[in-house]
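Lettering of chains follows the sequences in order, A, B, ..., and the numbering in each one begins at 1.
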2 protein chains.
Amino acid sequence: MTDLKSGPNPLFLRHDQLHQGIELLFYAYRDFTAECDAVLSTYGFGRAHHRAIYFIARSPGISVAELLEILRITKQSLSRVLSQLVREGFVSVEKAQTDRRRRLLRLTDKGEKLEKRLSEVQRARIGDAYRAAGGNAIEGYRKVLLSIIDETDRKRFVE
Amino acid sequence: MTDLKSGPNPLFLRHDQLHQGIELLFYAYRDFTAECDAVLSTYGFGRAHHRAIYFIARSPGISVAELLEILRITKQSLSRVLSQLVREGFVSVEKAQTDRRRRLLRLTDKGEKLEKRLSEVQRARIGDAYRAAGGNAIEGYRKVLLSIIDETDRKRFVE
DNA sequence: GCATATAAGTCAACATGACTGACTTAAAAT
DNA sequence: ATTTTAAGTCAGTCATGTTGACTTATATGC
């Protein structure tokens, strides 16, 4: 495994450096999601509900199709959690004015309360990490994760 | 949401900056795992098999208890995938010499072949991202993710 | 206006991966 | 000899993902 040089790129990466990067992502995701999972379970919800709630909160009035694109799951999978969230009064649905086939999703007051609670937990964790790592590191974190993401979805992060 | 200053910490973080950090992690994890999932499904395996294979490869001779600590799942969940991997000849088990209750796990040649294939996919993705982001960014990525991880597990990354 | 395409929802069936709690077995430690 | 530990197992449950086929309503293009 003692790789030698490989081309003009000055950035030489050993396997163990790459594995460290892989494992950091695994452990961070594991711990990042665990906290909210605990809150959600007290509502009888799971991670799938959280994802729906989260992205509806970011884009009030998002359509079902748009949400499916973000989550990359099947209509059936989303429909299960979505109809549960609507039935229990966390999410409201209204027909779009221009295209009345589209159903636009919004959080109700009850939904917003839950969303705030969950987002506070996550903002606290990432905020603490950002502060511990420092401003320079944040930019690096963003750059690397953005490059990991499929090219088609990177445009979601233009500011 | 136009927060004003908050204390002596010079690093001021707006909600939308934190949400960007949260979403980067979501999309990156989604895309990072998707590629391997496709390979695994051709073997009739899932993500859980991959995680076992991956960490056995990193620590040949790891015990079941150690693996459970890393994955933070129940014995039953691990046992299902592990016994499947052993039955199909991807993982071998031997009793520890000193403590014969402990079962030490190793990849077989067949298991190593699969592991190499999966790791190559992941190393390529993270390697490309590292190169695209640059050496400085890598350090930032590491710092932030390390701070997201539960304190008890950070020691896994001392070099 | 009619044919086609699209957005959404639904039904049935299934796989995977997580969980709990209780129990067994073997071996180590006290 | 008793207790603790490591591992495995049994039985049942739940959440979240999948597929494929079908319906309904609406929009769009000819």
Side-chain angles (χ1 to χ4, degrees), chain A residues 26 29-30 33-34 36-56 61-88 91-106, chain B residues 26 29-30 33-34 36-56 61-88 91-106:
Chain A
F26 166 75
Y29 195 80
R30 181 197 69 177
T33 50
C36 280
D37 288 354
V39 176
L40 289 157
S41 72
T42 69
Y43 288 78
F45 292 152
R47 207 174 285 180
H49 301 85
H50 184 196
R51 291 197 278 249
I53 288 171
Y54 179 90
F55 285 106
I56 293 169
I62 191 175
S63 71
V64 174
E66 286 164 343
L67 198 46
L68 281 174
E69 258 183 58
I70 290 174
L71 302 177
R72 298 241 187 110
I73 56 174
T74 57
K75 205 174 17 164
Q76 179 68 294
S77 289
L78 178 57
S79 151
R80 203 185 301 110
V81 297
L82 216 46
S83 55
Q84 203 180 338
L85 289 169
V86 171
R87 202 184 320 122
E88 300 187 23
V91 168
S92 70
V93 184
E94 61 176 325
K95 289 186 179 174
Q97 288 193 335
T98 49
D99 183 343
R100 287 157 39 80
R101 290 170 305 180
R102 304 177 74 219
R103 308 295 162 91
L104 307 186
L105 307 168
R106 282 194 168 70
Chain B
F26 165 76
Y29 195 81
R30 182 197 68 176
T33 50
C36 281
D37 287 354
V39 176
L40 288 156
S41 73
T42 69
Y43 288 78
F45 293 152
R47 209 174 283 180
H49 301 84
H50 185 196
R51 292 198 277 249
I53 288 171
Y54 179 89
F55 285 105
I56 293 170
I62 191 175
S63 71
V64 173
E66 286 163 342
L67 199 46
L68 281 174
E69 258 183 57
I70 291 175
L71 301 177
R72 297 241 187 111
I73 56 174
T74 56
K75 206 172 20 163
Q76 178 66 295
S77 289
L78 178 57
S79 150
R80 202 185 309 105
V81 298
L82 215 46
S83 56
Q84 203 180 339
L85 289 170
V86 171
R87 201 184 323 120
E88 300 186 25
V91 168
S92 70
V93 184
E94 61 177 323
K95 288 187 180 173
Q97 287 193 334
T98 49
D99 182 343
R100 286 157 39 79
R101 290 171 304 179
R102 304 177 72 218
R103 308 296 161 90
L104 307 186
L105 307 168
R106 282 195 167 72

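- Rounded to whole Å, atom P of C:dA7 lies 16 Å from atom CG of A:Leu82.
- Within residues 91-102 of chain A, the residues having any heavy atom under 4.0 Å from DNA chain C are, by residue number, A:Arg101, A:Arg102.
- Screening A:Arg106, A:Arg103, A:Arg100 for a salt bridge (Lys or Arg N to Asp or Glu O under 4.0 Å) involving A:Glu94 leaves a single residue, A:Arg106.
- Distance, A:Ile62 CD1 to C:dA7 C1': 14 Å, rounded to whole Å.
- Summarising the geometry of A:Val64 relative to A:Leu105, their closest heavy-atom pair is CG2-CD1, 4.1 Å, with the distance given to 0.1 Å.
- With values rounded to the nearest 0.5 angstrom, A:Ser63 atom OG is found 8.5 Å from A:Glu69 atom CD.
- The interatomic distance linking A:Gln76 (CD) with C:dA15 (P) rounds to 16 Å, in whole Å.
- A distance of 6.5 Å separates CZ of B:Phe55 from CG of B:Leu71, quoted to the nearest 0.5 Å.
- Using five terminal pairs a side, the axes of the helix from C:dG1-D:dC30 to C:dT30-D:dA1 at its two ends make an angle of 30°, given in steps of 10 degrees.
- Contacts between residues 41-55 of chain A and DNA chain C, counted as heavy-atom distances below 4.0 Å, involve no residue at all.
- The outermost nucleotides of DNA chain D lying under 4.0 Å from heavy atoms of chain B, listed 5' to 3', are D:dT5 to D:dA11.
- Map A:Val81 and B:Ala65 each onto its nearest nucleotide of DNA chain D; the residue landing nearer the 5' end is B:Ala65.
- Among the protein residues, B:Ser63 comes within range of the sugar-phosphate backbone only, with heavy atoms under 4.0 Å from sugar or phosphate atoms but none that close to a base.
- Taking the six-membered ring where tryptophan is involved, the planes of B:Tyr29 and A:Tyr29 are essentially parallel, since the angle between them stays under 30° and well short of 60°.
- In terms of the salt bridge (Lys or Arg N to Asp or Glu O under 4.0 Å) criterion, residue partners of B:Glu66 (sequence neighbours excluded) are, by chain and number, B:Arg102.
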Residues A:Val93, A:Leu104; criterion side chain to side chain contact (heavy atoms under 4.5 Å, CB included); working and verdict: CA-CA 6 Å; A:Val93 184; A:Leu104 307 186; over 6 Å; no
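- The salt bridge (Lys or Arg N to Asp or Glu O under 4.0 Å) search around A:Arg30 returns B:Asp153, not counting sequence neighbours.
- Regarding A:Leu105, its CG atom lies at a distance of 8 Å from the P atom of C:dA8, rounded to whole Å.
- The distance from atom NZ of B:Lys75 to atom P of C:dT24 is 13 Å, rounded to the nearest whole Å.
- Distance CD1/A:Ile53 to CG/A:Leu82: 10.0 Å, rounded to 0.5 Å.
- A:Gly46 and A:Leu40 make their closest contact through O-CD1, 3.6 Å (heavy atoms, listed as atom of the first residue, atom of the second, distance).
- A:Ser83 and A:Ser79 make their closest contact through OG-O, 2.7 Å (heavy atoms, listed as atom of the first residue, atom of the second, distance).
- The two residues A:Leu68 and A:Ile73 make their nearest non-hydrogen contact at CD2-O, 3.6 Å.
- Results of the side chain to side chain donor-acceptor pair (under 3.5 Å) test with A:Thr33 over A:His50, A:Arg47, A:Arg51 single out A:Arg47 as the only residue that passes.
- Rounding to whole angstrom units, CG of residue A:Leu68 and P of C:dT6 are separated by 16 Å.
- The distance between atom CG of A:Leu40 and atom C1' of C:dC19, rounded to the nearest whole Å, is 16 Å.
- Taking 4.0 angstrom as the limit, B:Ser77 places none of its side-chain polar atoms (N or O) nearer than this to OP1 or OP2 of C:dG17.
- One distance of note links CG of A:Leu85 with CZ of A:Phe45; it measures 5.0 Å at 0.5 Å rounding.
- Going from atom CG of B:Leu78 over to atom P of C:dC19 covers 10 Å, rounded to whole Å.
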